[in-house]
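Here is the structure we will look at.
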Amino acid sequence: MSEETRRSPSPSEVGFVLGRRNVLKGAAAIGGTAAFGGFLAACGSDDEGDTAGEGGAATGVVRVASNYSDAKPNEGLKAALDTIPNENLTIELNEVDHNTYQEQIVAYMQDPPDDVAPWFASFRLSPLASAGLLMDISDIWTEKLDDKLSGGFKQASSYEGKQYAVPWTFYSWGIHYRKSVWEAAGATPPETYEELLALCETLQGAGVTPFALGNDGRWPAMGTFDQLNFRLNGYQYHIDLMAGKESWTDDRTKAVFARWAELLPYHQPDPNGREWQDAAQALVDGEAAMMTIGNFVGDIFPNEDLDDLDFFPFPILNDEHGQDTVEAPIDNWVVVAEPQNLAGAKEVVAHFGFKEAQDTFLSIAPGVQATNNDVDTDAYNALQQKSAALVQNAANVTQFLDRDTLPAFANEAGQAFADFLSNPANIDTILDDLQGKAEALL
Amino acid sequence: MLLIPLTIHLLIVWIPTILSIVLSLTKWNGIRFDNLEWVAFENYDQIILGAFQQDFFQAVLNNLWLLLFLFFGPTALGMFLAYLLDKNLRGSRIYQSMFYTPVVLSLAVVGFIWSNIMYDQEFGLATWAFGGGESVDWLGNQSFLFEFGGYGLSKNFLAILVAMAWRHTGYIMVLYLAGMKSVDASLRESASLDGCNEWQTFRFVLFPTLKPINVIVVVITVIEALRAFDIVYVLNTPRNTELLSILTTDNLIGEGADNIGRGSAYATMLFILCIGFVLWYVTNHYRKQESSV
């Protein structure tokens, strides 16, 4: 992971390679009209690769919204758009600050000045898709994308069996650790829960805190919950729970918190007031041995230590489900409900699923991984390669708790987890309360 | 002549207020009006009797803690500081500026100072001074200091109250200082001729003449306690630090969540509390003025 890729701390924001609020030269706020910096798509004649082939029959101007406000991703995106092999298409990029885009998405989507726009996958798609703000692009999947993107990605791009998005890049969650620290302690990545517990005992005996955890912002603990829940109860249960179809007071949900409570003594104490960066620093310094977090934790590591960072998937808790689910937040592109240039928008959005576009983007902004099966993973660093392999072999891909359920409910869940971390003995009351909120919200 | 200001006032104050009350009777995700669903008092039912009861009443209670705290903490302290500074100590201007500085600092700076410099778990100034070598979870510790029936005053909210006092004290101090400077010197002189000690001079001579300032301070403090948002929002951590204003914002900002109705319901409850105080104040104030004529 390059030092250039700064990520925002929240997973609801991480995923786009983004950074500080950039002052965009004259870029209008969302809903504004200024589509500036339009540039000609290069005449792509050269790389034919595995492109759709036909070169595209679309003509005219396609407006693309971009919240890739950092320099490198922005450059990468422009270069990726340059690979569209259709000289009759002109791309106009409407650049918007990342956080603003996210906060204003609802207003933006109701009167979008653009044809193609970036958004998240999975449940986060559903409020927009169900409100009829996005276009059904199932036909693009059947015609052009099914052979290029794995089934997990298709699932994460679907709402009620129809596809509304094209996956573009992703990163994954797992237990991250420092190889050198583990070698010194004679530890190896555990595959089962028993091995994990034994390892925690050993590490604690050696004076190292097994797990780093900082839950300030209320989202980091969601990562641990997700892992425990889909390892123990499986992908379908997790998704149903997120959709309000299963209950938080169910014994299966309580079993998750029972496991979590067993693991809590091996975590850093008082996580609620600690930022995830401070927790990650404990990992860097070797004070803590591991951390359940996304690949973006590499941003905390000094460059010279990056090679020492590794991760492994969360251990098996239930043989029925093994390690069949990976949490990998995906960034997508969608077509708005009523694009001004229908044919053009379809061609552009499909192109984001192609090898050339993703290769080009990653060659400039290497902080994430590509979704296309054919992308050359040899160019990846070790962590990228591992993450890519995991996701490509996964039967199921989850996004993250705050992308797999309604944002309003994710807030409530985050508070409930914070309550649990503060007082694990109180879990029954906490879950009763959370179930009440699930019923009110979902 | 009154028509123009009246129109402007209606347009930017009362019409949005009424619209937000109307919205509180709906369930709406903010996407297109045809998604708007009338639910009558369901939102109020949810926040007062239903799933969000705990959040709502804890927030009301926190607003109340804030009000009490502002009266007994920063107001008393501010008055005391003003009294000392009024004595024209050497360097009183320097002290004055120092105490007032927190008021003029930008919110971003205040947030940084308290979350990163004062309340950092391991390296914070507060941790260093009071932690006794241990790390202290100032802003994350949501357990109650004292509790009754599931509600109480949480430790992290107390930490936030201290941060608010830091800012509010200087403000109150300046108000009282201005008041004290304008007190006729002959009053103090005659008090001392009559043999008043320092406390008696303050209690029976100075304090009564400060009545207009007291009224202003009461109003400012009550309003501040009801509309408080900024510092708490910046330092807001896991739980039990919610205020009505924060519940409102949390429910209104964001994407695609169908809770604009509930956010408006919180806002309406806050509005009822505010308008109650305003009506009481305005009627009292004018009644007194009329009777004194």
Side-chain angles (χ1 to χ4, degrees), chain A residues 12 101-110 119-120 123-133 214-218 221 268-275 278 282 406-412 414-419 421-423 426 429-430 432-442, chain B residues 27-35 42-43 45-47 49-55 58 115-116 119-124 127 134-144 150 154-156 159 235-242 247 250-263:
Chain A
S12 61
Y101 182 78
Q102 201 169 312
E103 280 163 18
Q104 306 280 326
I105 186 72
V106 171
Y108 170 82
M109 281 293 177
Q110 291 183 71
W119 194 238
F120 303 113
F123 209 94
R124 205 82 172 259
L125 272 176
S126 61
L128 301 181
S130 71
L133 298 176
N215 195 36
D216 190 55
R218 307 178 204 185
Q268 282 179 304
D270 296 337
N272 282 334
R274 187 181 298 113
E275 293 182 7
D278 290 336
L406 283 182
F409 181 68
N411 287 340
E412 302 297 344
Q415 291 190 333
F417 297 163
D419 286 351
L421 294 174
S422 166
N423 186 4
N426 206 17
T429 320
I430 295 169
D432 281 345
D433 183 63
L434 187 60
Q435 179 57 22
K437 288 179 174 154
E439 282 163 21
L441 291 169
L442 297 173
Chain B
K27 194 174 175 176
W28 188 37
N29 57 8
I31 305 174
R32 288 180 185 163
F33 283 115
D34 45 342
N35 289 322
E42 192 189 308
N43 290 320
D45 185 53
Q46 279 184 352
I47 65 174
L49 303 167
F52 298 88
Q53 190 182 31
Q54 170 81 29
D55 299 6
Q58 184 61 49
S115 65
N116 295 37
Y119 285 153
D120 188 277
Q121 270 188 32
E122 272 144 51
F123 311 107
T127 312
E134 299 284 310
S135 77
V136 186
D137 192 8
W138 297 102
L139 292 171
N141 188 343
Q142 57 192 44
S143 58
F144 288 125
S154 72
K155 290 177 183 162
N156 51 4
L235 299 180
N236 192 14
T237 36
R239 192 78 119 140
N240 295 333
T241 60
E242 289 95 348
L247 289 179
D250 278 351
N251 280 285
L252 291 180
I253 290 186
E255 73 209 33
D258 55 358
N259 48 12
I260 284 190
R262 195 168 49 256

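Bear in mind that the values here come from a model prediction, so they are computed numbers and not experimental data. Labels below follow one simple rule: chain letters A, B, ... track the order of the sequence lines, proteins then strands, and each chain is numbered from 1.
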Quick one: do B:Q54 and A:T429 satisfy side-chain contact (heavy atoms from CB on, under 4.5 Å)? Show the steps, please.
CA-CA 12 Å; B:Q54 170 81 29; A:T429 320; over 6 Å; no

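With sequence neighbours left out, A:N423 forms a side chain to side chain contact (heavy atoms under 4.5 Å, CB included) with A:A425, A:N426. Annotation: side chain to side chain contact (heavy atoms under 4.5 Å, CB included) contacts of A:E275 (sequence neighbours excluded): A:D216, A:Q277, A:D278.
Shown here for B:Q46 and A:A440, the closest heavy-atom pair between the two residues is NE2-CB, 3.5 Å.
No side-chain donor-acceptor contact under 3.5 Å links B:Q121 and A:Q268.
When A:G414, A:S422, A:A438 are compared by the number of non-hydrogen pairs under 4.5 Å with chain B, A:S422 comes out ahead. Among A:P269, A:S130, A:A131, A:S126, the residue with the largest count of heavy-atom pairs under 4.5 Å with chain B is A:A131.
Taking CG of B:L139 as the start and CZ of A:R274 as the end, the distance is 13.0 Å to the nearest 0.5 Å. In this structure, A:Q415 CD and B:Q142 CD are separated by 9.0 Å, a value rounded to the nearest 0.5 Å. Distance check, rounded to the nearest 0.5 Å: CG of B:D55 to CG of A:D433 gives 7.0 Å.
For chain A, the nearby part of B:E122 is the side chain; its heavy atoms alone come within less than 4.5 Å.
A:L441 places a side-chain heavy atom less than 4.5 Å from the side chain of B:R262.
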